[in-house]
Amino acid sequence: MKVEEYGKSNSKTIVMLHGANFVHTFGRQYSLSAKYHIVVPHIMGFGDNADRVFQTDKCIRELADYIKSLSKKVSLIGFSLGAQLAFRLVSEYEDLFNSAIIVSPWLIKENSELTKADELNKKQLKQLQNKFMCRLIGTINGLPPKACKDFVLQMQKVKGETIHNIVYNGITFDSVPKFADVSIPVKAIAGGKEQNDVLNSVKKMAEINKNCTFEIWDKAAHNIPPIFAKQFNELICSVV
């Protein structure tokens, strides 16, 4: 597993699970490495792991094994795809974590919405595999030149099967019932402009688990880590 690290390993460790395609989802959080040890695994199927096809169960096991290898409890942050993985990880491997922040998870899924998401993601993949468009999107998202170059190269290797599998990843409230019993503090967040299934997901997380609280950031869409970085970084420091 490819992993990027920022900050000193003897500081409090935060494992950050990125969204689909964008390994540097949390690029505007890396400045927190002055205070924390930040670990960013490249999720199976993306980044320097793009030559592999994403498989949910295998990905969860690999992430859990890697976090165990750190030999200390960590805080966990996930966005979008990473949020869904984080939801399952804290539910099934709670003893590895001190706290979790789960941003924009999609845990309530209708078949019609899965089909729409699959079609949309495949169109986005085609766009991102156009090198010019990929470079432009990377620049717009604030990637520095080296990271932007890597992003373009990595996206050429992402497979259509991976894009399909991340949509049909099987992570829902029904498939992960243990979340109701998680005892570590969990903060669930979504943007007010996100789809209702995401908004209802964070609300339900707090409904079924007394140790989970939720926030809806009214002005945000599916963009909290990069666009609302100042507010988000302050939240991280208050939770971790």
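As the structure is a prediction and not an experimental result, all values here were calculated from the model. In what follows, residues are counted from 1 in the order of the sequence shown.
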**Request:** Please determine, by modelled atom types, if S75 and S99 share a side-chain donor-acceptor pair under 3.5 angstrom.
**Result:** yes
**Complete:** Between V152 and Q156 the two heavy atoms that sit nearest each other are O-NE2, 2.8 Å
**Asked** So which pairs with a foot in residues 144-154 pass side chain to side chain donor-acceptor pair (under 3.5 Å), sequence neighbours left out?
**Response** D48-Q154, K146-D150
**Request:** Apply ring-ring contact (aromatic ring centres under 6.0 Å, His included) to F87 and list each qualifying residue two or more places apart in sequence or on a separate chain.
**Result:** F173, F179
**Message:** I'd like to know if K230 and E234 make a salt bridge, using a cut-off of under 4.0 Å between side-chain N and carboxylate O.
**Reply:** yes
**Item:** Aromatic ring pairing F232/F26, orientation class (parallel under 30°, perpendicular over 60°, tilted between)
**Value:** parallel
**Asked** N165: what forms a side-chain contact (heavy atoms from CB on, under 4.5 Å) with it, not counting sequence neighbours?
**Response** V53, F54, E161
**Message:** Check K122 with D118, please: is the shortest side-chain N to carboxylate O separation under 4.0 Å?
**Reply:** yes
**Item:** Pairs involving residues 130-157, ordered by first then second residue, that meet ring pair (Phe, Tyr, Trp, His ring centres under 6.0 Å) (sequence neighbours left out)
**Value:** F22-F151
**Partner set under side-chain contact (heavy atoms from CB on, under 4.5 Å) for L70, not counting sequence neighbours** = T13, V15, Y66, V74
**Message:** Looking at E119 and K116, is any side-chain nitrogen of the basic one under 4.0 Å from a carboxylate oxygen of the acidic one?
**Reply:** no
**Prompt:** D181: what forms a side-chain contact (heavy atoms from CB on, under 4.5 Å) with it, not counting sequence neighbours?
**Reply:** none
**Request:** Verify whether one side chain among H222 and Q195 offers a donor that lies under 3.5 Å from an acceptor in the other.
**Result:** no
